[in-house]
Structures are given as structure tokens and as C-alpha cells.
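Values below: all heavy atoms of this structure, side chains included; hydrogens, waters and symmetry mates excluded. Proteins come first, then strands; the chains are lettered A, B, ... in the order of their sequence lines, and each starts at number 1.
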Protein chains: 2
Amino acid sequence: MENKNPIQVADRLFGALELLAEHGDMGLVEVSEMLGLNKSTAHRVLNSLIYMGYAKQNKENGRYEPTLKTVATANKIMGRIDVIQTVRPYLRRLMEMSVETVHFVRLEGCEAVYIDKVEAPGNGIQMVSRIGSRLPLYCSGVGKAMLARMEDQEVREIWEHSDVRALTEHTITDYERFQEEIHEIRRRDYALDNEENEVGVRCIATAFEIPAGDGRYAFSISAPAGRMSEERIRELAGYILKIKAELMKEWQL
Amino acid sequence: MENKNPIQVADRLFGALELLAEHGDMGLVEVSEMLGLNKSTAHRVLNSLIYMGYAKQNKENGRYEPTLKTVATANKIMGRIDVIQTVRPYLRRLMEMSVETVHFVRLEGCEAVYIDKVEAPGNGIQMVSRIGSRLPLYCSGVGKAMLARMEDQEVREIWEHSDVRALTEHTITDYERFQEEIHEIRRRDYALDNEENEVGVRCIATAFEIPAGDGRYAFSISAPAGRMSEERIRELAGYILKIKAELMKEWQL
DNA sequence: AATACAGTTCCATATTACGAAACAAAAGGA
DNA sequence: TCCTTTTGTTTCGTAATATGGAACTGTATT
């Protein structure tokens, strides 16, 4: 059998808090039943949360709800996190799995900005470091991956503010076509850049958000088109989604 | 004397969690000293947090750090919040204090979108409801208020993606001048729209962010230029900052 | 008015958290 | 290298603490 929590009330306190977080507002008996607690015990637990400012009681109907103090605490935690440092080991593993160069970008305004990269070794000519440089959203894997996680309105919004032009013969410049592409990306959770930004370079990318912060991020695997067959892309898609899942797991998202 | 927490350990559990949230990573004795606890008690409390997934111990040096589970819980709370419903009472009070029409907007892409408004009564011709309609950031009070809370890079980014044109003779179209304006807004925490968007209409606006969500918001007081003297603006600035402070207090931000 | 159900308070009880002390394992100095 | 100091971990008798049954109050519902 598993070992117990060294403090029993802790389970009840945090259990109640999580319950309120999930259900929004609850009655006392409701809480007590869901946690398997005596009405009296639940009452004391909830009052303790209220005393500390993590919950409050609606004056009207007496129901209990969570406050935003949890959010404030969460913000402090997020504030100390260095996204680049935390994500780097994952990027490194992704590079090792794919043996291709991996990029990490962040959304700023209507563009993506390179904030980190892990170069594949012995890839002949090393590209100039792109850290800090920007690229449009509509014609990049990382950009499309991030767009796909926004609402349609916002996608349209950014499309209209972008200087859409055919950078290569593969660049998507028709909005109808672009919308289909976005839906496709939503379905499979990764985006492809099929030489849309630069001739001879294909990318596969996926995006995520960091709550409690203005964070929209994406990372990608880039390689010469010659090394990116249909089958190879499927393989890389597996890698990139696996790494992302691990990251999300560590981050409890 | 104040009444005590109905559960003493609760103070210690959440105290430890908040401590970790603030300091990032701490040693056991450090925690025990700051909370005035016995080393042994601190150890049990921290292990309880670890057991529940709210903290973890660094394998390398044995130090304790918070996990992102708190953030996940905070997200659930934020996810249930209806920003418009929550903010409306504040907007209403602001309207009552100023007896002017109040607007509430949200940032979407590179534009502001009206999401709510509280009309001042008996203001003659009621303007057509603008809910859902969009306006540029560079030439509106709410837009500038939101921009002022971003980093310089992102401001520049959005400026460059905006179709900057002189909608009125007061519109700021020079970037140097605009930057000064932004710095001024940061200093006083509210923005002015001096007929920059529409002739004869002045606004005063302030912005805020909602963590754990992609939320950048702003609200404003709009009135005919004739009712917006220097002195009246100072008065309204007081109102709008007061209301914002109250909102931030309720939201624990 | 009667009933049912929600939240609140009380209190004797034993369960639970407490902390001193002893232990283990690194880190730092001589 | 050895000794000292510091930090994390475990134990255990004890006292304080959380527990939950029951009684109480207030508010909807019939």
C-alpha cells in the first residue's frame, strides 16, 4: 500500500481547495460528501481556507467559492521561472532524438521571436544564430502552431495585420486556404512549414501557452527538404509531440 | 485579539507554500526559521506538500521548491471566471461617479475589441453600441493604456504592424513622440485620448492584465471634449484609478 | 404551519501533529 | 586526512489538536 500523507488535514485542505477550483462554487454538504468528510469537519476546513484568504463565502446564499489568492501565489511561482532554462533540456533531448536543429520561439506582438536553439552537431555549415531575430506567423511552422491555438477571430486579426506575401512558391497567401491549414493543425496538434518561408527548408512545430504570464511559445525541428520525407515527418511528429507531452506533464498543464 | 485559524497546520502548510512561491528554492532550516517552526515540523509540512504534488525536492542539493501544481489549480479557478460579469459592477460604479459613458475592451491581436459598456443616462443621443467592434491601439486611450504595460520591443512591434495614419489632427503619427507618450502613461498609470481617434471625443483609460489566461484588458471614460477640461480630467483620473485599485484588490493582484 | 435541508456551534474523545533528541550524510576547514 | 559544522532525516512519548456526533438555527419548499 502507498504511504500516507504525513499530515491528514493537508489532504482535506488542498482537496477542498481543488474541489472549489474545479466546481466554482459549492455548498457545505456538497463539499463534505465529495471529500467523504463529516459536515462539521468540512465546515472547519472551509473556514480555515477562508481565514487564510483562499476561499470566501457568498453572503447571499452561503455557498463557498475560491478566491484569487491561489492565482496570486501561482503568479509568484511563475514569476521566478526561467522558461528558456526549463525548456532547454527538452529541446536538447528533441535534438538528440531527431539529430536535427531545434528552435524555440516566443510570440511577441504579431511575430515570433527566436529565444533559443539547439544545433544538431556536424551538420556542415552552421547557420548564423537566429536568437533574437523575428519571423512572421503566417509562413512559419512555429507561427502557424501558435496561431492554431488562438481563436478564429484573433487569427483573422493577425492575418489582416500581417504583410502577407509569397516568400516562396509554397507560401500560403489565400485566407480560405490558410484557415483550412489552421484547422488541420488544430486537429493533429503540430504544424508543418513546407518551404513556405525559405526555399529548401522544412519544419515541424508545436506550440503551448504558459499561464500566469503573457506566454505563448512554440518549438520546432528544421531540416533541409531532402531529409524531410512524408515518412520522416511522421516520425518527427511523434518525437515532437512526445517531448511536448513530457514538458506539459512536468509543468502540470 | 484576532480569532485564530481553526486549523493550525493550515497556516503552516500554506505558509510554507507561499514562502517557496516567493523565494523559489529553500533549504529545510531556512523554511523552519522563517516560519518559526521546529526543524522536524517543517520537514513534515514540506513532505506533506511534496506528497500532494505542490512541492518537490531537488535531488542534487536537497533543497525544496514549489511545483506548478499551484499554477494548474489557479488555472481552474481563472477558467471559471467571467471577466465581463465580474468587472461590470466596477464599471457601473465608475459611470455613477463620473456620470459619463464607460467602455471595457480586451486586446485581441493588434487591436482592442469592445466587450462591454455602461452608458451614462440622459446623454441625449445614445451612440450605437460598439460592443464587438474594434479600434486601433495607437490612437485610442484604451489601446495606449494596454501598450504602456508591454515591453518596449512589443510596443514597437505592434506600432510597425499598425496602419498608422492621422485619423484627426491630434493623432500621434511620429514614433518618437509616441514613445514619450507611452513613458508618460507608464508614469501616471492612465492614458488620455485627446481627440486622437475621433474629433470632439476625449477619453481617459487604464489597463490591467489577468494572469492565467491571455487577458489584457482596459476600461475608459469617454466624453465630449467640451466636458473634458484639464481639471475635470484630473478628477476623472482619480475616479478611474480608484476603481481600478478596488478591482485589483478584490482580485488579489 | 409543517417539513426538509442548509449552514453553524458545542464538546468529550482519541487521534494527530508536535518537537526534543538522536542519527545520517554531506560540506567546509584545518 | 580528519575533525567540525551544517543540513536533512527518523524516532517516539506526549500534549495538543482535529474529529464527528448531536443539537441548534435559519431558510427554502410543500
Side-chain angles (χ1 to χ4, degrees), chain A residues 1-67 69 77 80, chain B residues 1-67 69 77 80:
Chain A
M1 174 170 175
E2 294 179 6
N3 41 357
K4 295 249 166 200
N5 190 325
I7 304 178
Q8 285 95 329
V9 253
D11 275 332
R12 293 157 177 201
L13 284 160
F14 284 86
L17 183 62
E18 287 168 29
L19 209 58
L20 291 179
E22 204 140 359
H23 292 77
D25 81 316
M26 302 179 77
L28 173 63
V29 286
E30 207 174 342
V31 173
S32 71
E33 281 170 5
M34 296 201 74
L35 292 178
L37 297 179
N38 186 298
K39 215 168 50 157
S40 169
T41 304
H43 184 257
R44 192 165 354 95
V45 166
L46 287 169
N47 273 297
S48 183
L49 288 177
I50 290 173
Y51 175 85
M52 297 183 295
Y54 283 97
K56 66 179 172 186
Q57 193 166 19
N58 192 324
K59 299 297 172 195
E60 316 282 298
N61 51 19
R63 291 172 73 80
Y64 295 87
E65 18 180 304
T67 67
K69 181 161 181 178
I77 295 173
R80 315 206 103 267
Chain B
M1 173 168 175
E2 292 181 5
N3 41 356
K4 293 250 165 200
N5 190 326
I7 304 178
Q8 286 96 328
V9 251
D11 275 331
R12 292 158 176 200
L13 283 161
F14 284 86
L17 183 61
E18 287 168 29
L19 208 58
L20 291 180
E22 205 139 358
H23 292 77
D25 80 316
M26 302 179 76
L28 173 64
V29 287
E30 206 173 344
V31 173
S32 72
E33 281 170 6
M34 295 201 74
L35 293 177
L37 297 178
N38 186 297
K39 216 168 50 158
S40 169
T41 304
H43 185 256
R44 191 164 353 95
V45 166
L46 287 169
N47 273 296
S48 183
L49 289 175
I50 290 173
Y51 175 86
M52 297 183 296
Y54 283 97
K56 66 179 172 186
Q57 193 167 20
N58 193 324
K59 300 296 173 193
E60 314 285 296
N61 49 19
R63 291 172 74 80
Y64 295 87
E65 20 179 304
T67 68
K69 182 161 183 179
I77 294 172
R80 315 208 102 266

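Atom CG of residue A:Leu35 and atom CG of residue A:Leu19 lie 5.0 Å apart, to the nearest 0.5 angstrom. Remark: A:Leu20 CG to A:Leu49 CG distance equals 7.0 Å, nearest 0.5 Å. Taking NE2 from B:His43 and OH from B:Tyr64, the interatomic distance works out to 4.0 Å, rounded to the nearest 0.5 Å.
At distances below 3.5 Å, at least one donor-acceptor pair connects side-chain atoms of A:Arg80 with backbone N or O atoms of B:Glu22. Between the side chain of A:Gln57 and the backbone N or O of A:Gly62 there is at least one donor-acceptor pair closer than 3.5 Å. Side-chain atoms of B:Thr67 come within 3.5 Å of backbone atoms of B:Gly53 as a donor-acceptor pair (strictly under, hydrogens ignored).
The list of ring pair (Phe, Tyr, Trp, His ring centres under 6.0 Å) pairs with a residue in residues 5-24 of chain A, not counting sequence neighbours, reads A:Phe14-B:Phe14, A:Phe14-B:Tyr54.
With hydrogens and angles ignored, no donor-acceptor pair closer than 3.5 Å exists between the side chain of A:Lys39 and the base of D:dG20. You won't find any donor-acceptor pair under 3.5 Å spanning the side chain of B:Ser40 and the base of C:dA21, going by distance alone. Taking only distance into account, the side chain of B:Arg63 never meets the base of D:dG8 through a donor-acceptor pair shorter than 3.5 Å.
Residue contacts shown for B:Ile7 are limited to sugar-phosphate atoms, with no base heavy atom under 4.0 Å away.
C:dC11 atom P lies 15 Å from atom CZ of A:Arg44, rounded to whole Å. Atom CG of B:Asn38 is separated from atom P of D:dT7 by 15 Å (rounded to the nearest Å). To the nearest angstrom, C1' of D:dG8 lies 16 Å from CG of B:Leu37. The nearest whole Å value for the distance from the CD atom in A:Glu30 to the P atom in C:dC5 is 15 Å. The separation between A:Leu49 atom CG and D:dA18 atom P is 13 Å, rounded to whole Å. Rounded to whole angstrom, the span from the CG atom of B:Leu28 across to the P atom of D:dT10 amounts to 12 Å. In this structure, the CG atom of A:Asn61 is 12 Å from the C1' atom of C:dG7, given to the nearest Å. Rounded to whole Å, the distance from CG on A:Asn47 to C1' on C:dT9 is 11 Å.
Contact between the side-chain N/O atoms of A:Thr41 and the OP1/OP2 oxygens of D:dG20 is found at a separation under 4.0 Å. Considering only side-chain N and O atoms, B:His43 lies nowhere under 4.0 angstrom from the phosphate OP1 or OP2 of D:dG8. A:Gln57 has a side-chain polar atom (N or O) that falls below the 4.0 Å cut-off from OP1 or OP2 of C:dT8. Between B:Tyr64 and D:dT9 there is a side-chain N or O to OP1 or OP2 distance below 4.0 Å.
For the contact set between residues 8-17 of chain B and DNA chain C, defined by any heavy atom under 4.0 Å, the members are B:Val9, B:Arg12.
Both A:Met26 and B:Val45 sit near DNA chain C, but only A:Met26 has its closest nucleotide nearer the 5' end.
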